[in-house]
Amino acid sequence: MAKYVFITGGVLSSVGKGITTASLGLLLKARGYHVTAIKIDPYINVDAGTMNPYMHGEVYVTEDGGETDLDLGHYERFLDTFLSKKNNITTGQVYLTVIQRERRGEYLGQTVQVIPHITDEIKRRIREVAQETSADIVLVEIGGTVGDIEGLPFLEAIRQMRMEEGFANTLFVHVALVPILSTTGEQKTKPVQHSVQELRRIGIQPDIIIARSMKPLEEEARRKIALYANLPPEAVFSNPDVEYIYEVPLVLEEQGLADYVARRLGLEQRRPDLSSWRDFVVKIKAASKPIKIAMVGKYTKLKDSYLSIIEALRHASAHLGLRPVLNWYESTAIEQGKLSPRTPVEDNDAVIVLPGFGARGAEGKISVIKEVIESGKPFLGICFGMQLAVVAIARHLAGLEGAHSTEIDPTTPYPVIDLLEEQRHIKELGGTMRLGSYPIKLIHNTLVYNVYGGREIVYERHRHRYEVNPRYLDKLVSAGMEVSGYSLEGGRVEFIELRGYRYFVGSQPHPEFRSRPMKPAPLFTGLLEAATR
Ligand code: GLN
């Protein structure tokens, strides 16, 4: 039977609840427990797929094609696991199921209500993940902040789960911000006191409080929080700012968080094996040789839009002893002539053209890629970045003037990137792209094949509607392009490269989603390695 750890947030959102959850998961997994993690998002969208990255940061794609919250990325990276789309529960999903059931007449004349019907569906979804994963411990993070109207049904559901699963099988962890007054430097606990009160009003007494603060929690603050939260001081943990998120598990381990959790859940005390994680943290902190990477995209104002790519670069560079310096370039500014397309190429050791959608900034990206082609700088184009690389190759190497993706220019004379055949009849936008992991057959003796260590078949995750138009392949190949990987089924172009270049690679899938601290994604390692040569 699974044990459940529910993580709520207090005072502010974005205090690092996701990292805290992922860290606790890692510490429990390092003790040999089978751990899974669920993120609950109390918004009405069915999934994150239809949301602009400026709203909630990147859309994280799971193996099974879920378009999920970016916290699932933290969980997967810290737990080194693959999660399902079922590990991200939203209000939209819950209501959709309940309303469809009601329309089918399955409630047999009852009035359908938040309690019990919505709360029952929430609990069913949480337990379904527990059963399907056969996890020993299920971490359930409730998004948002205690007190949000949207979050109430979820808090009610987990309150009920304590009764149904039993005290010894459930644990409430409250992660809350302890601000520091700039005038006195004092840690103020009042906001935490209030969020705990709010939790108790709903019927939840937290078992553990994790205080997020810029500095380690002072004794006086710990004592006060414990007193007002009705907890022993040992149940109050400190989660101060650190340089790298990967240090958080170690900071929490030092204070005995996971032992406390295990004891409280009646699990045996086990020694954790954190050696490889510690090695990774040492590596990341010791890496000193800077490497400058141009990040060209249109959501550059919110770095969370590209979170997994940033993390993948961290993994790859730690592995190579490099310190990544990311320089961001807004492709719209390049398009409008406010910034030369040469700047990102000249000022950096490597260039990444980031994923994206739509016309804004696309020409800016293409003009940067043209400079890359002329300069020979190491280059990685991801998804949209790969598609625009094909456009640039078509225009500037294959002489197909006016070539474009039909996503941007439906009347282009050379539609080198075009809608996937199976997408032509799709009308709805939610969850209808080519999504998730598919096998890719690599072509022998290509750069990409070598970068992947000579593997025949690799798996990467997808999220796209458009693809390289096979009608133009001959022309593109004559112009110097090489297809380095095709989808095993359907023979779609998955990877491209330019012959004779140090590293010019385009990837239709998103290699960033499978990158792990100890297993960096080959396409990123390859790029950085080439950039140091
Ligand atoms: N807009 C492109 C497509 O739909 C690329 C999407 C992406 O970069 N994720 O195919």
Side-chain angles (χ1 to χ4, degrees), residues 47-63 65-68 70 73 295-300 302 304-310 312 331-332 351-366 368-369 379-392 394 403-410 412 415-438 440 460-470 472 487 490 492-496 505-515 521 523-524:
D47 60 38
T50 52
M51 273 188 272
N52 185 312
Y54 275 146
M55 298 282 133
H56 291 275
E58 86 175 356
V59 175
Y60 190 78
V61 181
T62 54
E63 286 290 298
E67 297 177 276
T68 68
L70 53 74
M295 304 285 275
V296 185
K298 73 166 171 181
Y299 307 113
T300 53
L302 181 70
D304 269 2
S305 307
Y306 307 108
L307 185 67
S308 291
I309 296 176
I310 299 172
S331 50
T332 320
V351 177
I352 295 183
V353 174
L354 298 157
F357 294 84
R360 183 173 71 83
E363 286 300 333
K365 289 177 175 174
I366 296 168
V368 172
I369 300 170
F379 166 82
L380 178 62
I382 304 173
C383 203
F384 199 38
M386 173 267 204
Q387 297 174 354
L388 296 180
V390 172
V391 170
H404 222 318
S405 162
T406 52
E407 177 180 359
I408 317 299
D409 178 5
T412 168
V416 289
I417 303 293
D418 202 4
L419 209 55
L420 285 153
E421 197 46 48
E422 68 267 28
Q423 287 282 330
R424 293 196 189 275
H425 307 291
I426 289 176
K427 295 258 164 2
E428 279 191 16
L429 286 187
T432 56
M433 281 186 254
R434 180 171 181 246
L435 290 166
S437 185
Y438 291 100
I440 302 166
E460 295 292 1
R461 300 183 194 171
H462 300 73
R463 182 172 186 247
H464 64 122
R465 270 181 225 290
Y466 293 82
E467 66 170 341
V468 177
N469 186 342
Y472 291 94
S487 64
R492 290 176 237 277
V493 175
E494 295 275 21
F495 300 121
I496 60 115
V505 172
S507 171
Q508 181 60 77
H510 295 258
E512 66 272 21
F513 294 137
R514 277 180 160 236
S515 182
L523 290 183
F524 290 96

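Values reported hereafter were calculated over all heavy atoms of this structure, with side chains retained and with hydrogens, waters and symmetry mates removed. First listed ligand is number 1; within each ligand, the first listed atom is number 1.
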Quick one, Glu467 with Val493, criterion side chain to side chain contact (heavy atoms under 4.5 Å, CB included). Give me CA distance, side-chain angles, the key distance, then yes/no.
CA-CA 7 Å; Glu467 66 170 341; Val493 175; over 6 Å; no
Applying a heavy-atom distance cut-off of 4.0 Å, which protein residues contact ligand 1?
Pro355, Gly356, Phe357, Cys383, Phe384, Gln387, Glu407, Arg463, His464, Arg465, Tyr466, His510
d(Tyr306 OH, Ile352 CD1) to nearest 0.5 Å is 11.5 Å
Would you mind telling me which of His404, Lys365, Gln508 makes a side-chain hydrogen bond (donor to acceptor under 3.5 Å, both in side chains) with Gln387?
Gln508
Between Phe357 and Phe384, is the ring centroid distance below 6.0 Å?
no
Specify whether Tyr299 and Tyr54 have parallel, tilted or perpendicular ring planes, treating 30° as the upper limit for parallel and 60° as the lower limit for perpendicular.
perpendicular
Taking only residues two or more places apart in sequence, or in another chain, which ones meet Asp47 in a side-chain contact (heavy atoms from CB on, under 4.5 Å)?
Glu67
